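This report refers to the structure that appears directly beneath it.
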Amino acid sequence: PSLTEGTPNAVLEAMSLRVPVVATGVGGVLDLIHDGHNGLLAPAANPHELAVAMQRMMSSAELRAECIHQALTSSSEYSPALQRQRLVAAYDAAFSNGTP
């Protein structure tokens, strides 16, 4: 579990591989995981709540199936191809403005 995080590739990879995600609600994780919708979040530095979230995910086949279904939809927004297009567009915009 992270105390700080950018956009976590591990979370994106898990989502795209149909692995239910339980993570700490920090940084970029909050942009990717919506608690109870496409994964579960626990507060950072709180091992008890993290364990509770893990147990909740493990004990509910319905929750796992829903999180996987929703994660596949939301992770497509962060596909490598789309991320590459956004990065190229940002560079194109910066260089077209004469920004060094």
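Hydrogens, waters and symmetry mates are skipped; everything else that's a heavy atom, side chains included, is used. From a predicted model like this one, the values you see are computed outputs, not experimental measurements.
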Could you state whether Met15 and Tyr78 fall into the same hydrophobic cluster, counting links through intermediate Ile, Leu, Val, Met, Phe, Trp or Tyr residues with side-chain heavy atoms under 4.5 angstrom apart? yes
Main-chain N/O of Glu5 paired with Ser2 side-chain donor or acceptor, under 3.5 Å: no
Starting at SG of Cys67, measure out to CZ of Arg18 and round the result to the nearest 0.5 Å. 12.5 Å
Salt bridge (charged side-chain N to carboxylate O under 4.0 Å, His left out): pairs with one or both residues in residues 58-79, sequence neighbours excluded: Glu77-Arg86
What about Leu87 and Phe95, same hydrophobic cluster or not, with Ile/Leu/Val/Met/Phe/Trp/Tyr joined at side-chain heavy-atom distances under 4.5 Å? yes
Euclidean distance, Ser76 OG relative to Leu72 CG, rounded to 0.5 Å: 8.5 Å
Under 3.5 Å, side chain of Ser75 to main-chain N/O of Ala71, donor-acceptor pair present? yes
Would you be so kind as to tabulate the donor-acceptor pairs closer than 3.5 Å made by side chains of residues 27-54, with sequence neighbours excluded?
from, atom 1, to, atom 2, distance (Å)
Asp35, OD1, Leu41, N, 2.8
His37, NE2, Gln70, OE1, 3.2
Asn38, OD1, His34, N, 2.7
Asn38, ND2, Leu32, O, 2.8
Asn38, ND2, Ser74, OG, 2.9
Asn46, OD1, His48, N, 3.4
Asn46, OD1, Glu49, N, 3.0

Heavy-atom check, side chain of Val11 versus side chain of Val21, under 4.5 Å: yes
Is it the case that the side chain of Ser59 and the backbone of Arg56 share a donor-acceptor pair, with hydrogens and angles ignored and the cut-off at 3.5 Å? yes
